[in-house]
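The structure appears right after this line, and notes come after that.
Small disclaimer: the values here were computed from a predicted structure and weren't measured. Per chain, numbering begins at 1; letters A, B, ... match sequence-line order. The figures that follow rest on heavy atoms only: side chains count, while hydrogens, waters and symmetry mates do not.
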There are 2 protein chains.
Amino acid sequence: MPGKTDLSKLNCSLARTLGAVGDWWALLIVRDAFLGLTRFSEFQRSLGVARNILSARLDSLAKAKILAREGTTTRPRYVLTEKGRAMLPVLVAMTQWGDTWQSKGRPPVLLTDASGRPIELMQVRNDAGLIVTAGTIRFRPGPGASPDTRKFLKSLPDK
Amino acid sequence: MPGKTDLSKLNCSLARTLGAVGDWWALLIVRDAFLGLTRFSEFQRSLGVARNILSARLDSLAKAKILAREGTTTRPRYVLTEKGRAMLPVLVAMTQWGDTWQSKGRPPVLLTDASGRPIELMQVRNDAGLIVTAGTIRFRPGPGASPDTRKFLKSLPDK
DNA sequence: CTGTATCCTTAAAGATACTG
DNA sequence: CAGTATCTTTAAGGATACAG
C-alpha cells in the first residue's frame, strides 16, 4: 500500500509478526505449506495468485526464514522451517475463529491429528492451566519495552 | 489493493477470517480494544493512522460485529463484542510467535492474567490434550466443504 | 471530539510475454 | 517448470480541510 507505515517499527510483537508475514497472501502460502504443498506451481494453482506476486511472496517468506528453498535452484521445493512450523498455533487459532464465527458452524475443513482425532479449541491459559479471557488478560511492560511502550501501558485505564 | 481477490470466497475458514478482519490495521485496532481503548482519538493516537482510514476500519469492524458502538452517536465508545473477544487466542498466538521469533527473546509486552500470572505458550492439542505439530496435523473435508475443496484435499500428497 | 470529504501519491495486484 | 520483466490499473493509505 502507498506510504504504508512500517508496522515492524511499532514496539509490539503483534505488529512485528504482521510485518514479518507481510500480508494475507503470505499467510495463505504458509497455510498451503502446512497442507504439504512445496512447488511454485502448486501454490499458484491453489491460490490463483499472479506468478509475479507469488514469486515476491515466496522470496520474502524465504528471507524471513519462514520457508526454505530445498533441492535444485531451478526447481526448488519450498518447505517450512522451524520458524515457519511454529506458526501452526496462529493458523489454527485463526481457522477456528473462522469456523465458529464466519462459517455458520459448517467448517469447510476439519483439523485432526495423524490418527484422525479432532483438534481441541485453542484457548489462552495461565501457567496453572486456567483459561484467561478478554476480561482477565493483562499487559505489562516486558524486557524489550521501549520508554514509549512503558508510558503507553501506564496510561491505560486499569481494567 | 488493486484488483484484490476476494479472499472471503475461498472455501477456507482462514481466508474468511482474513477477509473479516480486513487488514493489519484492523487487527491492531482489535489489539488496542483488548488493551482497553474505546475512543476514536485513543486509537488514533495509539496507532498513528490517518483519521479517514481509522474511520473506515472502525466501520468495517463494526459491520463485521467484531466491535460494537456504545453510548452516544456523536461520541461513541468502541467495545469488543463476543465475536471480537473470541479473537483473543489469535492475537495471543501471533504475539507469542513474534516474541519468540522476532523479538530476540526480549518481548516488549508481557501477557499475564489478572493476578499477574504468566500466560502459557499456546499449543495445538488434540482432544486428549496431546500436542499436535506441523508434522502430525491433518486436514479433512468438513461439512461445509465445497466439491472443489474435497477434490483439492484429495489431491494432496498424504503426509 | 468524531468523524466526513477531497485530493494526491504510490505501491500492490493482475495480465502477459518472455527466459533458462 | 519456475520464475523474471513490463505494463497498466486501481484502490489503499496519508494529509488536510471542513462539519456536526
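- Between the side chain of B/Arg51 and the base of D/dA15, no donor-acceptor pair of N or O atoms lies under 3.5 Å.
- Between B/Leu58 atom CG and C/dT2 atom P the separation is 10 Å, expressed in whole Å.
- Looking at heavy-atom distances under 4.0 Å, B/Phe43 makes no contact with the nucleic acid at all.
- The side chain of B/Arg75 places no N or O atom within less than 4.0 Å of a non-bridging phosphate oxygen (OP1 or OP2) of C/dC1.
- Here the closest non-hydrogen pair linking A/Ala33 and A/Leu80 is CB-CG, 3.7 Å.
- Taking atom CD1 of A/Ile29 as the reference point, atom P of D/dG3 lies 12 Å away to the nearest angstrom.
- Salt bridge A/Glu120/B/Arg125: absent, no basic N to carboxylate O contact under 4.0 Å.
- With hydrogens and angles ignored, no donor-acceptor pair closer than 3.5 Å exists between the side chain of A/Asn52 and the base of D/dG3.
- Residue B/Ser41 places at least one side-chain N or O under 4.0 Å from the OP1 or OP2 atom of C/dT2.
- When the P atom of D/dA2 is taken as reference, atom CZ of A/Phe40 falls 8 Å away, rounded to whole Å.
- Distance B/Gln44 CD to D/dG13 P: 15 Å, rounded to the nearest Å.
- Distances shown here put a side-chain N or O of A/Arg57 below 4.0 Å from the OP1 or OP2 atom of C/dA13.
- A distance-only check finds no donor-acceptor pair linking the side chain of B/Arg69 to the backbone of B/Pro76 [under 3.5 Å].
- The shortest distance between the side-chain N/O atoms of A/Ser55 and the OP1/OP2 oxygens of D/dT4 is below 4.0 Å.
- With rounding to whole Å, A/Ile53 atom CD1 is found 16 Å from D/dT6 atom P.
- One atom, CG of B/Asp23, and another, C1' of C/dA13, lie 16 Å apart when rounded to the nearest Å.
- As a whole-Å value, the separation of B/Arg69 CZ from C/dC1 P is 18 Å.
- A salt bridge does not link B/Asp32 to B/Arg45: none of the charged side-chain nitrogens sits closer than 4.0 Å to a carboxylate oxygen.
- Rounded to a whole Å, the CH2 atom of A/Trp24 is 15 Å from the P atom of C/dA12.
- For the pair A/Tyr78 and D/dG3, the criterion of a side-chain N or O lying under 4.0 Å from OP1 or OP2 is met.
- Between A/Asp23 and A/Arg57 a salt bridge is recorded (basic side-chain N to carboxylate O distance below 4.0 Å).
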